[in-house]
Amino acid sequence: MKYEDAIKRYDPVIGIEVHVELGTATKMFDAAPNTFGGGPNTNITPTSLGLPGSLPVVNEKGVEYAIKIGLALGCEIAETCRFARKNYFYPDVPKDFQTSQSDEPIAAEGQVEVELEDGTIVTVPVERAHMEEDAGKNTHVGGATGRIHGADHSLVDYNRAGVPLVEIVTHPITGTGERAAEVAAAYVRTLRDIFRALGVSEARMEQGNVRADVNVSLRESPDAPLGTRTETKNVNSFRSIERAVRFEIARQATLLDAGEKIVQETRHFHEESGETSSGRPKSDADDYRYFPEPDLVPLQPSREWVEQLRAALPELPAQKRRRLLGEWKFSDLEMRDIVNAGLLEAIEDTVTAGAKPSAARKWWTGEVARLANQAEKHPTEIVTSGQVAGLVELIDQGKLNDKLAKDVLSGVVAGEGEPAEVMNARGLEIVEDTGALEAAVDEAIAANPDVVEKIRGGKMQAIGALMGPIMKATKGQADAGKAKELILARING
């Protein structure tokens, strides 16, 4: 059954569990470095490995980041909470349990406003945001899928074991109808933007900083009880989240129409096909045998500290976008493109440095983005907001035109200096020598009498045929406006 047909027959209910790795210097419960990309099993300590006699110590910065996330989501921050041991077989957690929070999360009962592409606002209810540690990483060798099923053996890297996480769990999200998949992806995108604004995580989904578990169930009508849900694990892109929801809704609808039951289970998402496949039966909370972690005392964040963190919260992305949209007079589409490209902050800083919003957007989304794409980097990795603002200032001063500015920008990216330095070193400033410009104009007019006659006959667009030779003669450094004025003066004089 197709997705479009499925949502006409059934009412979809979704739930999202988002895990975000916190950008602390060390892990959640030990002093091992929290870094990405090291050699296997190099960022470890006896606590990371769960060795006998090792004891955990709570990372204060991790708690601070968790509180910031809770506050940004409108949650109540607990006056006291504690960690628990979550027990089931973890092949990539050597102590064989995960230190997490069960019935006492650090933050609970909030909500997130999610804006869809057409401007529709959907409010997503948040049940809780709790602290825990990440597991290690298994690499399954052999087999056709890279998963444990059919593998010859597995390799385990414990570098990620113990990395601080906050898990954000929604209440069932209802009433989304045919937009269920879109809402799911937009919600995770909104959280990603919030994490970055708070400075608690790089939130790079391609590195696994943000991962989503997507729960989907169907019911006959909005008044019917909730159906049996499946949980598609560790989906790590917005597009994949949307595809996973669409596939699960269609798959479950097909089974229900055939009179079959939905199995409560975890499922794997396959990027190449957009389909999900069965993982393992999904346990209920009681099966994890939670009990309080005896080696960690309860946390009691003071109200003064919580209020200090609340007062220091930055302007959240949705609020900033609405404010800047009005100030910059961009279209909704232009703003969405900027946000999706991760350029909102860069453009804002460029405008703050003195550039006009339209010019800042033009250069960041145009030539800077092109050069960054060639270098396989993000635009902010090859040039700064101050440098783009400096480039725009030289254009506004009449010292550069767009063509010359592109040459200057390439020099800046190559590390030759600031825009003004590159302009001077490469001799790219627009020609101010009136005599040289007049000579180029006279030469172009003399060489193109047919074009001159067209201009005299009122075909002003023919001026463009003279601009090429003039620019060639001045190495692209002629002021186009002055050149046109001189052409008309010579022809009509």
Taking every heavy atom of Ala78 against every heavy atom of Arg303, the minimum-distance pair comes out as O-NH2, 3.0 Å

Quiz item: Do Val58 and Leu296 come within less than 4.5 Å of each other through their side chains, counting heavy atoms only?
Solution: yes

Sorted by chain and number, sequence neighbours left out, side chain to side chain donor-acceptor pair (under 3.5 Å) with Thr350 holds for Trp364

So does Lys137 pair up with Asp157, basic N to acidic O under 4.0 Å?
-> no

The salt bridge (charged side-chain N to carboxylate O under 4.0 Å, His left out) partners of Glu242 (sequence neighbours excluded) come to none

Correct closest heavy-atom pair for Ile168 and Ala129 would be CG1-CB, 4.1 Å

Does a side chain donor of either Ser240 or Glu271 reach within less than 3.5 Å of an acceptor in the other side chain? yes

query = Would a 4.5 Å heavy-atom cut-off, applied to side chains only, mark Ile262 and Ser217 as touching?
reply = no

For this session: Begin from the C-alpha positions of Glu348 and Lys320 and carry the test salt bridge (charged side-chain N to carboxylate O under 4.0 Å, His left out) through to its verdict.
Result: CA-CA 10 Å; Glu348 183 184 19; Lys320 176 181 285 189; 3.1 Å; yes

Can you find a pair of side-chain heavy atoms, one from Ile173 and one from Val13, that are under 4.5 Å apart?
no

Checking side-chain polar atoms at under 3.5 Å, does Asn215 have a donor or acceptor matched by the opposite partner on Thr230?
no

Point to revise | Exercise: do Glu104 and His130 side chains pair donor with acceptor under 3.5 Å | key: no

Original post:
When you check the side-chain N and O atoms of His268 and Thr232, is any donor under 3.5 Å from an acceptor?
Top reply: no

Note: Pro94 and Gly50 closest approach over all heavy atoms is CG-N, 4.2 Å

For Lys68, the salt bridge (charged side-chain N to carboxylate O under 4.0 Å, His left out) test, sequence neighbours excluded, returns Glu64

Side chain to side chain contact (heavy atoms under 4.5 Å, CB included) filter on Leu116, not counting sequence neighbours, yields Val114, Asp118, Thr120, Val122, Arg179, Glu182, Val183, Ala186

Just wondering, do Leu218 and Asp11 contact through their side chains at under 4.5 Å, heavy atoms?
no

Ring pair (Phe, Tyr, Trp, His ring centres under 6.0 Å) filter on Tyr187, not counting sequence neighbours, yields none

Heavy atoms of Leu325 and Asp332 approach each other most closely as CD2-OD1, 3.2 Å

For Glu315, the salt bridge (charged side-chain N to carboxylate O under 4.0 Å, His left out) test, sequence neighbours excluded, returns Arg323

Would you say that Thr42 contacts Asn159 through its side chain, given a criterion of any heavy-atom pair below 4.5 Å between the two side chains?
yes

The complete set of ring-ring contact (aromatic ring centres under 6.0 Å, His included) pairs with one or both residues in residues 26-68, sequence neighbours excluded, reads Phe29-Phe83

Exercise. Does Thr254 reach the side chain of Arg251, with side-chain heavy atoms less than 4.5 Å apart?
Worked result: no

Residues at least two apart in sequence or cross-chain that pass side chain to side chain contact (heavy atoms under 4.5 Å, CB included) with Ala318, listed by chain then number, are Arg321, Arg322

Sorted by chain and residue number, the salt bridge (charged side-chain N to carboxylate O under 4.0 Å, His left out) partners of Glu293 (sequence neighbours excluded) come out as Arg85

Original post:
Taking atom types as modelled and ignoring hydrogens, do the side chains of Ser154 and His140 form a donor-acceptor contact shorter than 3.5 angstrom?
Top reply: yes

Which of Arg211, Arg204, Lys27 passes salt bridge (Lys or Arg N to Asp or Glu O under 4.0 Å) with Glu21? It is Arg211

Between Pro56 and Thr47, the two heavy atoms sitting closest are CA-CG2, 4.3 Å

Next item on the list: Please tell me if the side chains of Gln111 and Val126 come closer than 4.5 Å, counting only heavy atoms from C-beta onward.
Entry: no

Assess, by modelled atom type and distance only, whether the side chains of Asp5 and Tyr10 contain a donor and an acceptor separated by less than 3.5 Å.
no

Those residues at least two apart in sequence (or on a different chain) that pass side chain to side chain donor-acceptor pair (under 3.5 Å) with Thr380 are His378

* State whether a side-chain donor-acceptor pair under 3.5 Å links Ser201 with Asn209. => no

Taken to the nearest 0.5 Å, the spacing of Ile44 CD1 from Leu51 CG works out to 8.5 Å

Problem set entry | salt_bridge(Glu265, Arg267) N-O dist < 4.0 Å | yes

Practice task
Report yes or no: do Glu133 and Thr99 form a side-chain donor-acceptor pair below 3.5 Å?
Solution key: yes

Side chain to side chain contact (heavy atoms under 4.5 Å, CB included) filter on Gln374, not counting sequence neighbours, yields Arg370, Leu371

Across all chains, not counting sequence neighbours, the side chain to side chain contact (heavy atoms under 4.5 Å, CB included) partners of Glu334 are Phe330, Ser331, Arg361

Nearest heavy-atom approach of Thr176 to Pro12 is OG1-O, 4.4 Å

- Test: Glu275 and Arg243 ion pair at under 4.0 Å: no

Indicate yes or no: at least one non-hydrogen side-chain atom of Ile106 is less than 4.5 angstrom from one of Ile67.
yes

